[in-house]
A.B. asks: 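Can you keep this structure in mind? I'll have questions shortly.
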Protein chains: 2
Amino acid sequence: MLSKKTKYAIKALVALGKNAGNPPMQIVRLAEQEMIPRKFLEQILLDMRNAGYLYSKKGAGGGYSLNKEPGDIYLADILRITDGPIAMVPCASLKFYRKCDECHDEITCGIRKTFIDVRDATLKVLAQTSIADVIARETDGNFRE
Amino acid sequence: MLSKKTKYAIKALVALGKNAGNPPMQIVRLAEQEMIPRKFLEQILLDMRNAGYLYSKKGAGGGYSLNKEPGDIYLADILRITDGPIAMVPCASLKFYRKCDECHDEITCGIRKTFIDVRDATLKVLAQTSIADVIARETDGNFRE
DNA sequence: TAAAAAGACTATAGAAGTAGTAGACTTTAT
DNA sequence: ATAAAGTCTACTACTTCTATAGTCTTTTTA
């Protein structure tokens, strides 16, 4: 299950994507509009900013805006920042590989092989779906390709 | 991430699958062999039994054995017993559908649409991979199709 | 240049979920 | 009758997730 943190992050990016072109959006406004607890959102935006996805400006007239094109921000990358690995077992993770506690022989592990397939299937969607795609799908029923 | 419960469940099913034909296997032996805490395994096996996947026999000479062919036990079903929904958001779940707290308009939700795609991709693997497949993959490098 | 408007950063608390343990009970074989 | 199993329920410890609080820094503008 996605954490709320991740859901909030995606929602915030979508909102900021729609806001592109306009002056930056303040945390408070974003929090109200998307119904996200303000201080929680604050942390999330910070993470996204430190990861290079957002631009922020302090002081009066400041706020947040996207630091990349909505079409260049992929869900897979966002999930990794907020929730960590995408794979369902650490030993099948591409970016957060770790040996499973329970596992003795990784090479022949049938579970691992299966969950590498799952990971690949998941990534095929998440690494190709951008914030722009999510926005596009909000309106029309179908998109992509 | 898969819970340990699920990993243990799969391991137990695989072990029992390999044991098919022989007399039933006792919890204690299974726990030792697979290095799973005994009492924890006990609960897991019970769940699997109540779901119809295992046959159990009490008393001396008792133990556990599979109640189905290894080829008829699919990972998707096991995961659902031990970890619940396979989808990453409740509103995209096939078997455990629930409205997301944060969501106002599910029909146009771009996030939901994307995660339905993810769910389908995941299920394409998990609903077609059986315990028999996992066992087969343990030995040879490739299997399936 | 002071005040106000914003974000940056750290710490902490409460809730929920996960992993594991304990113990008493039931059934069955010998 | 006894011992060898599984059944069932409750509980505890631990970790992670969600959220909140408070202080500090930067920037604008009157």
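Within every chain, numbering begins at 1; the chains are lettered A, B, ... in the order of the sequence lines, protein sequences first and strands thereafter. All heavy atoms count here, side chains included; hydrogens, waters and symmetry mates do not.
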A.B. asks: In whole Å, I'd like the distance from the NZ atom of Lys5(B) to the C1' atom of dA19(C).
C.D. replies: 10 Å
A.B. asks: Output yes when a side-chain donor or acceptor of Thr6(A) lies under 3.5 Å from a complementary backbone atom of Leu2(A), and no otherwise.
C.D. replies: no
A.B. asks: When you check the phosphate oxygens OP1 and OP2 of dA8(C), does a side-chain N or O of Ser56(A) lie under 4.0 Å from one of them?
C.D. replies: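 Yes, within the criterion.
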A.B. asks: Counting only side-chain heavy atoms from C-beta out, which of dG23(C), dG7(C), dT28(C) sits nearest to Glu42(B)?
C.D. replies: dG23(C)
A.B. asks: Could you tell me the separation between the NZ atom of Lys4(A) and the P atom of dG17(C), rounded to a whole number of Å?
C.D. replies: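 My rounded result for the distance is 11 Å.
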A.B. asks: Are Val134(A) and Leu123(A) joined in one hydrophobic group, where the rule is that I, L, V, M, F, W and Y side chains link up if heavy atoms are under 4.5 Å apart?
C.D. replies: yes
A.B. asks: Give me the first and last nucleotide of DNA chain D, going 5' to 3', that has any atom under 4.0 Å from a heavy atom of chain A.
C.D. replies: dT18(D) to dT28(D)
A.B. asks: In whole angstrom, give the distance that lies between atom CE of Met1(A) and atom P of dG17(C).
C.D. replies: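 Those two atoms, CE and P, are 11 Å apart.
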A.B. asks: Determine whether a donor-acceptor pair (N or O, by modelled atom type, separation under 3.5 Å) exists between the side chain of Asn19(B) and the backbone of Pro23(B).
C.D. replies: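 Yes, the answer is positive, given that a donor and an acceptor are paired below the 3.5 Å cut-off.
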A.B. asks: Identify, residue by residue, the members of residues 21-40 of chain A with a heavy atom below 4.0 Å from DNA chain D, and return them in order of residue number, or none.
C.D. replies: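 Residues of residues 21-40 of chain A under 4.0 Å from DNA chain D: Pro37(A), Lys39(A), Phe40(A).
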A.B. asks: What is the separation between atom CD on Gln43(A) and atom C1' on dC9(C), rounded to the nearest whole Å?
C.D. replies: 10 Å
A.B. asks: Just call it for Tyr55(B): base, sugar-phosphate, or nothing, with non-hydrogen atoms closer than 4.0 Å on any strand.
C.D. replies: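 Nothing: the residue Tyr55(B), judged by heavy atoms under 4.0 Å, touches no strand.
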A.B. asks: With respect to the phosphate group of dA6(C), does any side-chain polar atom (N or O) of Tyr64(A) fall under 4.0 Å of OP1 or OP2?
C.D. replies: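 Answer is no, no contact under 4.0 Å.
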A.B. asks: I want to check something: taking the side chain as every heavy atom from C-beta on, are Phe40(B) and Tyr8(B) in contact at a cut-off of under 4.5 Å?
C.D. replies: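 Phe40(B) vs Tyr8(B): side chains touch.
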